[in-house]
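In what follows, chains are A, B, ... by sequence order, proteins preceding strands, each numbered from 1. Keep in mind the model is a prediction, meaning the values are calculated, not measured.
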Number of protein chains: 2
Amino acid sequence: MSSSKSLTVLVDPRINEVEDAAKEAISHSKTLLIIGRCWVDYHGRAKSKLEPGERILIIKSDGSLLVHRSVGYEPVNWMPGGNVIFNVQERGNRLEIRAVRQKPPETVTIIFDKIQTCTSLVLSDSGEFSLYASEEDMQRAILIKPDLLEEGFRPITYEKKVEPGFVDVYGEDRNGKFVVVEIKRKTAGKEAVFQLGRYIDAVRTKANREIRGILVAPSIAKGVQRTLVTLGLEYKQLDPRKCADVLTRSATKRLAEFFGQ
Amino acid sequence: MSSSKSLTVLVDPRINEVEDAAKEAISHSKTLLIIGRCWVDYHGRAKSKLEPGERILIIKSDGSLLVHRSVGYEPVNWMPGGNVIFNVQERGNRLEIRAVRQKPPETVTIIFDKIQTCTSLVLSDSGEFSLYASEEDMQRAILIKPDLLEEGFRPITYEKKVEPGFVDVYGEDRNGKFVVVEIKRKTAGKEAVFQLGRYIDAVRTKANREIRGILVAPSIAKGVQRTLVTLGLEYKQLDPRKCADVLTRSATKRLAEFFGQ
DNA sequence: GAGTGGATTTCGCAT
DNA sequence: ATGCGAAGTCCACTC
């Protein structure tokens with residue numbers, strides 16, 4: 001029951017049919033999907049045991065392996081791709097698939113005793129994936145459009161190394177005061193405030209000027225406002241999605257300028 | 001092309017065939033797999049865009065959604081299960097599938113223009129999943145690799161019977177002080193601290209040397225730190241999974257070496 | 001319901 | 001190699 005160039009679909013197959021198909025798929029770096037009743041053992045960084053049930057097994061062209069149950073966003077067992085070695089064989093009318101990798105040393109063993117479908121094919125996929133509005137994106141957005149922070153802000157450097165770690169953005173406000181900016185892309189907790197506090201302390205010991213510390217985040221956790229005030233820090237609300245808008249527009253603009261010249 | 005009770009398999013189907021199958025699968029909380037050429041947009045906590053290519057779409061019975069590329073352990077786009085609303089419809093010989101959830105507000109839109117396979121079925125799965133790293137494993141791990149407790153620790157005995165019960169591990173630190181170790185695999189409460197306190201008292205009455213008591217656990221409950229200090233005890237954070245790592249590494253390594261050849 | 005911490009986290013990037 | 005931090009993190013547990 002097959003079709004197309006690389007596509008192979010087996011419905012209610014015998015175990016040895018799947019054995020052949022799986023070996024062929026893995027050796028040719030195809031994508032392999034098996035749906036059936038199985039149980040799974042994992043040994044490595046921890047140990048786990050999954051009792052029999054119907055699941056979806058996916059083995060991708062890079063050797064990554066996923067076992068998915070009928071519910072849940074996450075795989076119940078998995079193996080990240082890379083240097084993974086597979087072993088497929090029939091044993092007493094059961095199909096045993098074992099995936100082993102060295103670094104870190106771990107093993108996933110899947111045994112099927114009933115298979116509903118087995119599908120293998122080459123996935124042709126060169127489409128680009130782009131994600132906007134990471135923490136780095138927010139930083140870039142502020143560098144491109146400093147008014148996002150406040151009017152008159154002028155960035156000097158970014159990711160400047162100071163004693164406890166890195167300052168996200170570092171600049172001057174309209175009155176010439178130093179400004180240290182710490183960026184979080186989601187609700188800022190105590191951790192972020194203390195981090196900024198440590199930055200500020202480190203900078204104060206070196207520069208003998210007035211320093212403002214600004215925490216940039218879409219929102220702040222419940223009791224954190226108090227901590228901010230206590231440490232003499234400020235808070236500027238900024239949604240990562242706003243930053244994404246700036247980035248995409250500015251990118252388009254720069255592209256236009258480039259082609260305009 | 002179908003079989004079994006709930007299993008439906010379509011190979012190289014027309015778009016409207018898949019539309020019907022997908023609507024049927026989603027409305028009946030079946031598991032749905034579509035393999036084909038698609039592009040994906042995500043709007044929500046961030047924005048992402050995936051250009052056209054062949055991928056695997058999985059929609060599970062709980063509404064969780066996964067888009068997998070030909071490589072990588074992680075999905076390129078996804079939606080965790082729960083209160084997810086799906087919308088499936090054909091538009092100009094393309095199949096548009098949209099998943100929306102409110103908390104947090106986000107949307108994944110997938111458009112297929114060519115479909116290789118569409119599979120839907122009910123996955124019957126009641127098998128239990130257990131992740132194993134018991135208190136005994138943690139103890140053995142510390143015996144195998146005493147540095148897990150602290151550098152220079154040398155175990156002498158384990159599960160040694162003392163007055164109130166058993167000491168988990170008993171040894172000397174780098175300075176020759178006696179060390180009594182109590183292990184909990186879950187968050188340690190006051191109970192564990194008092195238990196260790198009783199052990200310490202029992203040992204102190206026999207040995208006339210300085211004794212350190214260390215509570216080993218992945219975490220400690222809220223007010224327990226205070227109790228520890230009061231009783232002059234220490235706390236060492238240690239995750240049972242880290243211990244499982246130590247335990248299984250050699251066995252897994254040997255296996256990896258075998259299959260590597 | 002929000003905050004906090006862990007994960008077989010994975011995946012970068014910097015040292 | 002190692003270590004640190006981010007993630008559309010997710011998830012479970014505490015408060």
Side-chain angles (χ1 to χ4, degrees), chain A residues 40-50 64-67 72-82 99 101 103-108 129-139 159 161 164-166 168 182-192 195 218-224 227 239-241 244, chain B residues 40-50 64-67 71-82 99 101 103-108 129-133 186-187 189 217-224 237-249 252:
Chain A
V40 185
D41 279 297
Y42 164 75
H43 290 264
R45 286 166 288 184
K47 302 175 196 175
S48 76
K49 191 184 190 64
L50 178 62
S64 48
L65 177 152
L66 304 163
V67 179
Y73 142 81
E74 289 175 327
V76 60
N77 283 107
W78 70 90
M79 185 89 90
R101 72 166 175 171
K103 226 166 35 112
E106 51 188 357
T107 304
V108 175
F129 176 74
S130 42
L131 178 70
Y132 310 100
S134 64
E135 190 167 312
E136 190 189 333
D137 285 327
M138 291 180 72
Q139 189 196 80
E159 280 199 345
K161 193 173 176 64
F166 287 87
D168 286 329
E182 166 73 22
I183 301 170
K184 291 293 164 196
R185 65 174 306 285
K186 40 179 197 176
T187 303
K190 268 181 272 182
E191 205 56 40
Q195 196 175 5
S219 60
I220 50 175
K222 198 60 176 291
V224 173
T227 316
D239 193 298
R241 280 169 290 187
Chain B
V40 185
D41 280 298
Y42 164 76
H43 290 265
R45 286 167 287 182
K47 297 178 187 177
S48 77
K49 190 185 190 64
L50 179 61
S64 49
L65 177 152
L66 304 164
V67 179
V71 293
Y73 142 80
E74 289 174 326
V76 60
N77 283 107
W78 70 92
M79 187 87 92
R101 72 166 175 172
K103 233 172 24 129
E106 49 188 358
T107 305
V108 176
F129 177 73
S130 45
L131 187 64
Y132 184 62
K186 295 195 287 189
T187 301
S219 59
I220 49 175
K222 195 58 179 297
V224 173
Q237 197 210 349
L238 188 58
D239 193 293
R241 289 164 186 82
K242 294 278 180 196
C243 296
D245 181 24
V246 172
L247 291 170
T248 57
R249 179 162 286 167
T252 310

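- Under the rule for a side chain to side chain contact (heavy atoms under 4.5 Å, CB included), the partners of A/S134 that lie at least two apart in sequence or sit in another chain are A/E136, A/D137.
- Under the rule for a side chain to side chain contact (heavy atoms under 4.5 Å, CB included), the partners of B/A99 that lie at least two apart in sequence or sit in another chain are B/L65, B/M79, B/V84, B/F86.
- Rounded to whole angstrom, the span from the CG atom of A/N77 across to the P atom of C/dT9 amounts to 13 Å.
- The CG atom of B/L65 sits 13 Å away from the P atom of D/dC10 (whole-angstrom rounding).
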Taking N or O atoms only and anything under 3.5 Å, show me the protein contacts with nucleotides 10-12 of chain C, one pair per line.
{"from": "C/dT10", "atom 1": "OP1", "to": "A/R45", "atom 2": "NH1", "distance (Å)": "3.0"}
{"from": "C/dT10", "atom 1": "OP1", "to": "A/R45", "atom 2": "NH2", "distance (Å)": "2.8"}
{"from": "C/dT10", "atom 1": "OP2", "to": "A/R45", "atom 2": "NH1", "distance (Å)": "2.8"}

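- A/D239 has its CG atom 15 Å from the P atom of D/dG8, to the nearest Å.
- Residues passing the salt bridge (Lys or Arg N to Asp or Glu O under 4.0 Å) test with B/K49, sequence neighbours excluded: none.
- Side-chain nitrogen and oxygen atoms of A/K184 include at least one within less than 4.0 Å of the OP1 or OP2 phosphate oxygen of D/dA6.
- The shortest distance between side-chain heavy atoms of B/V76 and B/V40 does not fall below 4.5 Å.
- Rounded to the nearest Å, the gap between the C1' atom of C/dT10 and that of C/dG6 is 14 Å.
- In this structure, the ring pair (Phe, Tyr, Trp, His ring centres under 6.0 Å) partners of B/Y73, at least two apart in sequence or on a different chain, are A/W78.
- Along DNA chain C, the nucleotide nearest A/V76 and the nucleotide nearest A/K190 are compared for position; the residue whose nucleotide lies closer to the 5' end is A/K190.
- Applying the side chain to side chain contact (heavy atoms under 4.5 Å, CB included) criterion to A/E74, with sequence neighbours excluded, gives no partner residue.
- Using a 4.0 Å heavy-atom distance criterion, B/F129 is classed as a base contact.
- Atom P of nucleotide D/dA7 and atom OH of A/Y132 are separated by 17 Å, given to the nearest angstrom.
- For A/S134, taking side-chain heavy atoms from C-beta onward, the closest of the listed nucleotides D/dA7, C/dT8, C/dT4 is D/dA7.
- When the C1' atom of D/dG5 is taken as reference, atom CD of A/E136 falls 12 Å away, rounded to whole Å.
- Here the rule is side chain to side chain donor-acceptor pair (under 3.5 Å) with A/E106, and of A/K47, A/R101, A/H43 only A/R101 fits it.
- Residue A/I183 contributes atom CD1, which lies 16 Å from atom P of D/dG5 at whole-angstrom precision.
- When each of C/dT8, C/dG3, D/dG8 is scored by its nearest atom to the side-chain atoms of A/A221, the top-ranked nucleotide is C/dG3.
- Spacing between atom OH of A/Y42 and atom C1' of C/dA7 amounts to 11 Å, rounded to whole angstrom units.
- In this structure, A/K186 does not reach the D/dA7 phosphate: none of its side-chain N or O atoms is under 4.0 Å from OP1 or OP2.
- As a whole-Å value, the separation of A/Q139 CD from D/dA7 C1' is 16 Å.
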